[in-house]
There are 2 protein chains.
Amino acid sequence: MNTETSISTEEAILVAARKVFESKGFDGARMQEISDRAGINRALLHYYFRSKDKMFERIFDEALERFMPLLSTWDQDPDESWELKLKRFIRTFITFLKANSMLFLLREIIRKPDLLTSRTKKYRKGLNKFVLYFERLKQEGQIRSDVDSKHIYIIMHSLCSFPLMNAIVFSYSLRISTKEYDELMAGYPEIVSNLLIQMLKHQNNWTSK
Amino acid sequence: MNTETSISTEEAILVAARKVFESKGFDGARMQEISDRAGINRALLHYYFRSKDKMFERIFDEALERFMPLLSTWDQDPDESWELKLKRFIRTFITFLKANSMLFLLREIIRKPDLLTSRTKKYRKGLNKFVLYFERLKQEGQIRSDVDSKHIYIIMHSLCSFPLMNAIVFSYSLRISTKEYDELMAGYPEIVSNLLIQMLKHQNNWTSK
DNA sequence: TTTACTTTTAACAAGATTGTTAAAACACTA
DNA sequence: TAGTGTTTTAACAATCTTGTTAAAAGTAAA
């Protein structure tokens, strides 16, 4: 077997498939477009990956493999304060999201919710580390106790994910170019961190109507 | 022309098309599935709407027509305080999003960005009412001046939209049922309102690192 | 060079999908 | 009821899409 050649061909296919699946989605993706982009004959896609479904699963799993460990890297350093943890996490999370489309995962999960339950089992345990961590902080009196840790989780993820997923619409609504939007978002991680920290510190004037 | 019959048929088709396009997306939608769901012959779809593209545009435009005016209803009552405005807006916005999938619009805009520029022109002017309103509040000293109105816009929309768009993933991550997630989200509009109001009121200890 | 194996291609097959059309069914009025 | 126009259907046509296959091209070792 000519490993040299086959790896580079396989890699070229994966690069092309990633691009096409991420921009068009499974249903909009065409095997022809993938092979064109990879510069090879369409039959080779089947030679290497058998079917469109199998190829898609490979791409989907690789995207999960990049994404999920990020969510689990929460309480690595036990000495780090929760404020620093939050800042560091938000910064790395947003940086990651700039390079990796989360919309791809979400879109395909909506299309086929089975993908979530069948292919993320091994990551699921790490997911509620975050909630457990903030529950502990509450018990220790380090943060306000009148806020649900699940809400913190939801708020943090919404603030990090949506502005990047929705960049096209936001820049259009705000009447600025995508370049200007990028510049606007340069200081965004700091803002999110500070917003969350302020929210979690102040016990009072919160649930007041 | 039998108006009675044709309107109900057309309406049945639209209901079915809305359902199928929203859950499967344009590329995943099948004319056969739409006609099955509407309980009519597939050729009738073409009789009423000519083509799949035309039918989709109709559904897309109707979704825009429901969605965009909501964004423009900001400064209706000039006597209302900005805090109340915010609370009212967030409440109605989230209520609306529970019934109308925003993911549909976003997904199709990503697929074909042209949809945004070509079909939303008439709404675009209303979009930056929000930003202009908060710029004015800043000048009048009613809210802190060290925060970008565009960021407020982005934060508010992210907090309102994403938790509903991403409900499946969030409920999975948080290890709760969708029913429990709904219950969790019952108090969410209040939380978002208060978070934003607190953020906008307090001049200090904000941009501090 | 021959041989054995891997990689690549062109051509084909099967089925899915959109769109058309001619005729049937229907509804309403004279 | 006959006539006119509208609505609906079954059957068909054209194209697109995935997947298969047999043969060609390439590679490396004996």
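Every chain is numbered from 1, with letters handed out A, B, ... down the list of sequences.
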Contacts to DNA chain D from residues 36-45 of chain B, heavy-atom cutoff under 4.0 Å, which residues?
B:I40, B:N41, B:A43, B:L44
What are the residues of residues 28-35 of chain A, sorted by number, that bring a heavy atom to within less than 4.0 Å of DNA chain D?
A:A29, A:R30, A:M31
Whole-Å gap separating C1' (D:dA23) and OH (A:Y47):
14 Å
Without decimals, in angstroms, what is the distance between A:I13 CD1 and C:dT7 C1'?
11 Å
Pairs touching residues 161-187 of chain B that satisfy salt bridge (Lys or Arg N to Asp or Glu O under 4.0 Å), sequence neighbours left out:
B:K179-B:E183
Could you check whether the rings of A:F89 and A:W74 sit parallel, tilted or perpendicular, using 30° and 60° as the cut-offs?
perpendicular
Relative to the ring of A:F67, is the ring of A:F96 parallel (under 30°), tilted (30 to 60°) or perpendicular (over 60°)?
tilted
Taking only distance into account, with no hydrogens and no angle test, what donor-acceptor pairs under 3.5 Å do side-chain atoms of residues 37-46 of chain A form with protein atoms, sequence neighbours excluded?
unit_1 : atom_1 : unit_2 : atom_2 : d
A:N41  : OD1    : A:A43  : N      : 2.8
A:R42  : NE     : A:Q32  : OE1    : 3.3

Contacts under 3.5 Å, N or O only, protein and nucleotides 24-26 of chain C:
none

My understanding is that only residues two or more places apart in sequence, or in another chain, count here; which of them pass side-chain hydrogen bond (donor to acceptor under 3.5 Å, both in side chains) with B:S171?
none
Compare side-chain N and O positions of B:T9 against OP1 and OP2 of D:dT7 and report whether any pair is under 4.0 Å apart.
no
I want to know whether B:F162 and B:F170 have ring centres closer than 6.0 Å.
yes
Looking only at side-chain atoms of B:Y48, point me to the closest of C:dT7, C:dG19, D:dT7.
D:dT7
Salt bridge flag under 4.0 Å for residues A:E108 and A:R111:
yes
With side chains defined as the heavy atoms from C-beta onward, is the minimum distance between A:S161 and A:F93 less than 4.5 Å?
yes
